[in-house]
Q: 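Structure provided below as structure tokens; questions to follow.
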Amino acid sequence: MAELELDKLSMDPAAQALLKKASAEGVETIFDRAKAMKPCPIGVEGACCRICAQGPCRVPAPKKKEGETAAEKKARMGLCGATAETIVARNFARMVAAGTASHSDHARGVAKLFIEVAHGRTQGYQLKDVTKLRRVAKDWDVPVTEGEGEDAKPRSPEAIAQELGPKVLAEFGQQQGEINYVRRAPKKRQELWRKHGVVPRGVDIEVVELMHRTHMGVDQDYHNLIKQSTRCALADGWSGSMISTDLQDIMFGCPVPVAGEINLGVLKEDHVNVVMHGHEPLLPEMLYVASQEKELLDYAKSKGAKGIQLAGMCCSANEVLMRHGVPVAGNYLHQELAVVTGAVDALVVDVQCEMQALENVAKCYHTKIITTDDRAKMPLAEHIAFDEHHALDVARQVIRVAIDNYPNRRAPVMIPQESSPTVVGFSYETIQYLLGGSIRGSYYTLNDNVIGGRVRGVAGVVGCNNCRTTQDSSHMTLIKELIKNDVIVLSTGCAAMAAGKYGLLTPESASKYCGEGLAEVCETVGIPPVLHMGACVDNSRILMAATACVKAGGLGTDISDLPAAGAAPEWMSEKAIAIGQYFVASGVYTLFGVTFPSTGSEILTDYLFKGIEEEYGGKWDFVMDPMEMAKRMIAHIDLKRKALGIDKARERVLMDMEMRRQLEAAAGEEH
Ligand code: MSK
């Protein structure tokens with residue numbers, strides 16, 4: 001692989017070094033495959049219908065710039081007559097269904113564990129955050145006290161959880177009514193959703209109905225298909241994902257600021273390295289406990305290692321980083337490269353975002369791939385099934401396999417130097433506390449800074465890496481441009497890890513990269529300009545933060561009034577489309593990079609990028625260039641500021657700063 005190409009593949013020097021090593025050792029990675037196999041241009045735009053055995057029918061958008069002629073339009077239909085709009089909308093809808101199913105199946109597992117924990121039937125778990133348990137219980141109308149009046153006493157956490165757990169679990173199979181957390185949204189938003197008939201009834205029903213409606217010969221109206229996609233996506237954001245976040249916080253602890261390290265340099269040559277990869281933190285929580293046990297540490301030493309180094313990958317990493325400061329080996333495109341170091345003794349996977357090619361890479365080294373979830377097996381991997389009833393024993397078993405494998409290292413070990421310090425753990429509750437203290441904690445301080453113009457607006461930058469772009473490059477360009485323009489960034493997933501790798505998750509980065517207004521706020525509060533809020537399911541924390549801003553007052557009456565925008569510049573997974581759709585339906589201008597899966601239909605794209613805004617106040621956009629993406633986000637933020645009548649405040653702030661600079665310069669001359 002030529003030197004120059006490495007810069008195009010990843011901006012991360014650690015990745016570049018390991019790609020060189022892989023190339024020298026004849027190991028193929030996703031970057032090689034991406035070069036050899038170009039994406040299907042018809043599939044990319046969502047214009048290939050594979051839902052029956054008469055096709056696949058391809059209906060690509062016409063190349064001509066001036067648009068479709070009537071004859072071309074007529075020609076653009078599948079054998080059954082499905083139009084380009086219907087085909088593209090069905091494909092889009094199926095991405096939403098798959099994304100929602102992924103987050104929600106994760107949530108179901110968490111709810112089942114929660115019930116077992118409540119009854120004391122698990123090993124190693126507990127109800128750690130009782131304050132959050134009580135708060136969540138109230139949202140589900142579960143009493144937190146017993147007895148009347150003066151005799152009222154707090155209920156035990158176990159009793160609350162035993163009543164709460166089944167109520168939450170029932171929401172997945174609920175057939176009618178409304179999902180519970182719809183009540184958390186701003187009133188105006190709730191009414192809007194009710195008016196459009198998109199309040200989810202339950203979780204599973206919305207996924208199943210969407211799959212049914214995209215079957216051959218069912219729903220043939222693109223608007224109606226997107227309407228059900230919206231209902232399904234809302235079940236993801238405001239139910240499945242939100243349930244995951246809440247119950248995980250109760251069991252594992254609500255994140256508070258904690259120091260961490262990110263990048264492949266966190267691996268240690270003289271330690272047994274165990275990398276946890278995936279999304280569900282159930283087993284990683286126990287791996288964290290087991291890795292510190294004396295017996296296992298002694299066992300590692302007996303094999304010649306100095307200790308056990310636990311590190312995360314993808315969103316399992318985010319979960320244990322946020323709660324325990326467990327170091328992170330990298331984001332999505334680092335997974336094969338971690339194995340290429342030759343120093344990973346076990347790569348433990350659960351669900352989602354795990355490349356099957358890991359097995360091929362592992363064959364070239366000594367790394368054991370261990371699958372742990374019965375829903376996600378890999379043909380060549382060792383399977384050690386997770387079981388919550390003896391989770392700690394399972395974790396111990398996994399770590400023993402890694403320790404036993406330590407002496408088997410055979411390839412030269414090369415661990416890059418790169419790793420960056422971070423401060424993470426910005427849950428919705430923590431932000432509230434940091435801004436106003438535990439008693440009068442409120443988002444009003446943030447609103448006040450937005451109104452006053454020091455903070456121009458708020459951006460969510462989330463999502464994956466994608467091998468069709470230079471790893472991390474779009475994330476970094478976009479985030480740096482946003483914070484330079486005083487836009488505070490809330491981040492999750494692989495985007496947050498990217499920010500961490502290049503030093504943006506430290507309070508010190510504020511003075512280096514931010515505009516003066518944002519730098520001043522970050523320095524005063526002691527926070528980084530990019531707030532790491534967690535894993536993919538924790539995008540629900542961003543929904544809660546946005547809602548809290550609305551409720552704190554001064555920035556309108558709905559999420560769509562806020563000077564805010566969201567982006568996923570390097571997205572790749574179906575989950576990202578589900579997340580994007582629930583943000584749009586929650587009133588957020590949402591921009592995606594790389595490709596957009598509706599471009600095969602001008603009509604559908606027009607609706608998603610424009611028409612939908614009239615209904616929900618949010619809309620999609622697709623921009624490949626991250627600088628242009630930042631420009632559009634800032635323009636949108638300014639538009640919202642203007643609508644709120646707070647644009648002048650910002651001009652005054654800027655003028656004050658300029659005046660201050662001049663005064664300082666004048667003062668300097670005088671001395
Ligand atoms: S892990 S879904 S690559 S953010 Fe959540 Fe990263 Fe995207 Fe997986």
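Remember, it's 1-based here, ligands and their atoms both numbered in the order they're listed.
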Q: Does Ser241 use its side chain to pair, donor to acceptor, with the backbone of Asn539 at less than 3.5 Å?
A: no

Q: Distance-only, no hydrogens or angles: does the Thr605 side chain make a donor-acceptor pair with backbone N or O of Ser598 under 3.5 Å?
A: yes

Q: Show the atoms of ligand 1 that are less than 4.0 angstrom away from any heavy atom in Cys536.
A: 2 (S), 4 (S), 5 (Fe)

Q: Taking only heavy atoms of Met572, which atoms of ligand 1 are found under 4.0 Å from at least one of them?
A: 3 (S)

Q: For ligand 1, which atoms sit closer than 4.0 Å to a heavy atom of Tyr332?
A: 3 (S)

Q: Please list, in number order, the atoms of ligand 1 under 4.0 Å from a heavy atom of Ser573.
A: 2 (S)

Q: Checking only N/O/S atoms, does Cys314 have one that is under 2.8 Å from atom 5 (Fe) of ligand 1?
A: no

Q: Please work out, at 4.0 Å between heavy atoms, whether the side chain, the backbone, both, or neither of Cys315 comes within that distance of ligand 1.
A: both

Q: Report the part of Cys494 in contact with ligand 1, treating N, CA, C, O as backbone and CB onward as side chain, heavy atoms under 4.0 Å; options are side chain, backbone, both, neither.
A: both

Q: Hey, are Lys35 and Glu5 close enough for a salt bridge, meaning a charged N less than 4.0 Å from a carboxylate O?
A: yes

Q: Report, in ascending order of atom number, the atoms of ligand 1 lying under 4.0 Å from any heavy atom of Cys353.
A: 1 (S), 2 (S), 3 (S), 8 (Fe)

Q: Taking Gln356 for its side chain and Met378 for its backbone only, find out whether a donor-acceptor pair lies under 3.5 Å.
A: no

Q: Where the side chain of Gln335 meets the backbone of Cys353, is there a donor-acceptor pair that is under 3.5 Å apart?
A: yes

Q: Which of the numbered atoms in ligand 1 are under 4.0 angstrom from any heavy atom belonging to His279?
A: 1 (S), 5 (Fe), 8 (Fe)

Q: Is there side-chain contact between Leu562 and Val458, with heavy atoms separated by less than 4.5 Å?
A: no

Q: May I ask you to say whether Asp246 pairs ionically with Arg184, meaning some side-chain N is under 4.0 Å from a carboxylate O?
A: yes

Q: Against heavy atoms of Lys575, which atoms of ligand 1 measure under 4.0 Å?
A: 2 (S)

Q: Should Gly463 be listed as contacting ligand 1, given a heavy-atom distance under 4.0 Å as the test?
A: yes

Q: Run the salt-bridge test on Glu359 and Lys363 with the 4.0 Å N-O cut-off and return the result as yes or no.
A: no

Q: For ligand 1, which atoms, with element, lie under 4.0 Å from some heavy atom of Cys464?
A: 2 (S), 3 (S), 4 (S), 7 (Fe)

